[in-house]
Engineer: 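Got a structure here, written out as structure tokens. Questions coming.
Please read these numbers as outputs of a predicted model, since none were measured by experiment. Only this structure's heavy atoms are used, side chains among them; waters, hydrogens and symmetry mates stay out. Residues: numbered from 1 along the sequence shown.
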Amino acid sequence: MLCRMNLPRDPQVACLIRVPSEVVKQRAQVSASTRTFQIFSNILYEEGIQGLYRGYKSTVLREIPFSLVQFPLWESLKALWSWRQDHVVDSWQSAVCGAFAGGFAAAVTTPLDVAKTRIMLAKAGSSTANGNVLSALHGVWQSQGLAGLFAGVFPRMAAISLGGFIFLGAYDHTHRLLLEVGRKSP
């Protein structure tokens with residue numbers, strides 16, 4: 001989850017590492033009989049280094065709106081919960097807010113994730129493989145409609161909600177501990 005560590009970061013830099021592993025993983029998932037190193041080698045042989053970065057732009061284009069939804073929603077939910085209980089949320093409450101924010105952000109950005117996946121798995125040289133997100137979305141819309149654009153939404157929401165719970169809860173708890181240590185240090 002390097003590209004989606006649930007902490008503010010530069011999506012372009014994080015995705016430099018994440019995208020090649022995602023391309024190899026997705027291709028391994030659709031051809032389970034092939035070994036991972038062989039898939040990696042085939043990509044390099046057939047497409048060059050660009051093959052490992054197919055879907056880079058679409059991944060970044062997914063990550064930016066995801067973060068623009070997740071983090072403000074997380075902060076807003078914590079503020080609302082704090083206001084309702086008249087004190088700052090506990091770390092577990094922050095984690096719950098993070099789970100909801102992550103799940104919601106996952107739901108609304110699923111069409112971008114579908115486009116990214118289609119681009120990464122497209123046959124080399126095809127029109128989808130060129131990385132045009134709008135074209136990929138249009139193709140899914142034409143062939144499968146709204147259901148196609150939201151394919152896999154529930155597993156994606158579940159996984160990202162769990163990640164939001166763990167990472168944002170841990171982030172909040174660690175942040176509190178460091179502030180406390182900072183206050184005690186001379």
Engineer: Report the C-alpha distance between Lys57 and Ile119 in whole Å, list the side-chain angles of each, state the deciding distance to 0.1 Å, and finish with yes or no for side-chain contact (heavy atoms from CB on, under 4.5 Å).
Structural biologist: CA-CA 10 Å; Lys57 288 188 297 184; Ile119 290 166; over 6 Å; no
Engineer: Treating Ile, Leu, Val, Met, Phe, Trp and Tyr as nodes and any side-chain heavy-atom pair under 4.5 angstrom as an edge, say whether Tyr45 and Ile39 lie in one connected cluster.
Structural biologist: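 No, it is not one cluster - the side chains of Tyr45 and Ile39 are not joined through contacts under 4.5 Å.
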Engineer: Show the nearest heavy-atom pair for residues Gly55 and Val19, with the distance to one decimal.
Structural biologist: C-CG1, 4.4 Å
Engineer: Hey, can you tell me if Tyr56 and Tyr53 have their rings parallel, tilted or perpendicular (30° and 60° cut-offs)?
Structural biologist: perpendicular
Engineer: Are Met120 and Thr59 close enough, and set up right, to give a side-chain contact (heavy atoms from CB on, under 4.5 Å), and what steps lead you there?
Structural biologist: CA-CA 10 Å; Met120 286 181 172; Thr59 303; 3.5 Å; yes
Engineer: Is there a path of hydrophobic side-chain contacts, each under 4.5 Å between heavy atoms of I/L/V/M/F/W/Y residues, joining Val140 to Val133?
Structural biologist: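 Yes.
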Engineer: Is it true that Val88 and Leu168 fall in one hydrophobic cluster, defined by side-chain heavy atoms closer than 4.5 Å?
Structural biologist: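 In one cluster with Val88: Leu168, no.
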Engineer: Please round to the nearest 0.5 Å and tell me the distance separating atom CG of Leu80 and atom CD of Gln85.
Structural biologist: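 That separation rounds to 10.0 Å.
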Engineer: Using the rule that Ile, Leu, Val, Met, Phe, Trp and Tyr join whenever any side-chain heavy atoms are under 4.5 Å apart, tell me whether Phe104 and Val114 fall into a single cluster.
Structural biologist: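 No, Phe104 does not connect to Val114 through the hydrophobic network.
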Engineer: So which of Phe100, Trp92, Trp74 actually passes ring pair (Phe, Tyr, Trp, His ring centres under 6.0 Å) with Trp81?
Structural biologist: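 So, applying the ring pair (Phe, Tyr, Trp, His ring centres under 6.0 Å) to Trp81 and each of Phe100, Trp92, Trp74, only Trp92 qualifies.
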Engineer: If you look only at pairs with a residue in residues 122-136, which of them pass as a side-chain hydrogen bond (donor to acceptor under 3.5 Å, both in side chains), with sequence neighbours excluded?
Structural biologist: none
Engineer: Drop me the distance from Ser91's OG to Arg176's CZ, to the nearest 0.5 angstrom.
Structural biologist: 4.0 Å
Engineer: Measure across Arg156 and Ala106 and return the closest heavy-atom pair with its distance rounded to 0.1 Å.
Structural biologist: NH1-O, 2.5 Å
Engineer: How close do Ala124 and Ala129 get, counting heavy atoms only, and between which atoms?
Structural biologist: CA-CB, 4.4 Å
Engineer: Roughly how far, to the nearest 0.5 Å, is CD1 of Ile43 from CD of Gln38?
Structural biologist: 11.0 Å
Engineer: Inspect the contact between Glu47 and Arg27 and indicate whether a charged nitrogen and a carboxylate oxygen are less than 4.0 angstrom apart.
Structural biologist: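 The answer is yes: the pair qualifies as a salt bridge.
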Engineer: Would you say the side-chain atoms of Ser82 pair up with the backbone N or O of Val89, donor to acceptor, closer than 3.5 Å?
Structural biologist: yes
Engineer: Taking Arg62 as the fixed residue, which of Thr109, Asp113, Thr117 is the one that meets the side-chain hydrogen bond (donor to acceptor under 3.5 Å, both in side chains) rule?
Structural biologist: Asp113
Engineer: Between atom CZ of Phe167 and atom CG of Leu162, what is the distance when rounded to the nearest 0.5 Å?
Structural biologist: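 Rounded to the nearest 0.5 Å, the CZ-CG separation comes out at 8.5 Å.
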Engineer: Over all heavy atoms of both residues, which pair between Gly102 and Ile160 is shortest? Give the atoms and the distance, please.
Structural biologist: O-CG2, 3.4 Å
Engineer: For Phe150, does the CZ atom sit with more than 12 other heavy atoms under 6.0 Å from it, leaving out its own atoms?
Structural biologist: yes
Engineer: Hey, what do you get for NE2 (His175) to OG (Ser94), rounding to the nearest 0.5 Å?
Structural biologist: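 Here the rounded value is 10.5 Å.
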Engineer: To check you understand the geometry: which heavy-atom pair defines the closest contact between Pro20 and Ile17, and what is its length?
Structural biologist: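 Answer, listing the atom of Pro20 first, then Ile17: CD-O, 3.4 Å.
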Engineer: Taking ring pair (Phe, Tyr, Trp, His ring centres under 6.0 Å) as the test, write out the residues that go with Trp141, two or more places apart.
Structural biologist: none
Engineer: Of all the heavy-atom pairs spanning Thr110 and Ala151, show the shortest one and how long it is.
Structural biologist: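 Smallest interatomic distance, heavy atoms only, reads CG2-O, 3.8 Å.
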Engineer: When clusters are formed by joining ILVMFWY residues with side-chain heavy atoms under 4.5 Å apart, either directly or through shared neighbours, do Leu73 and Leu68 land in the same one?
Structural biologist: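 Each belongs to a different hydrophobic cluster.
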Engineer: Working to the nearest 0.5 angstrom, can you tell me the gap between Phe40 CZ and Ser21 OG?
Structural biologist: 11.0 Å
Engineer: Using a strict threshold of under 4.0 Å (side-chain N to carboxylate O), is an ion pair present between Glu180 and Arg183?
Structural biologist: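 Salt bridge between Arg183 and Glu180, a charged N being under 4.0 Å from a carboxylate O: no.
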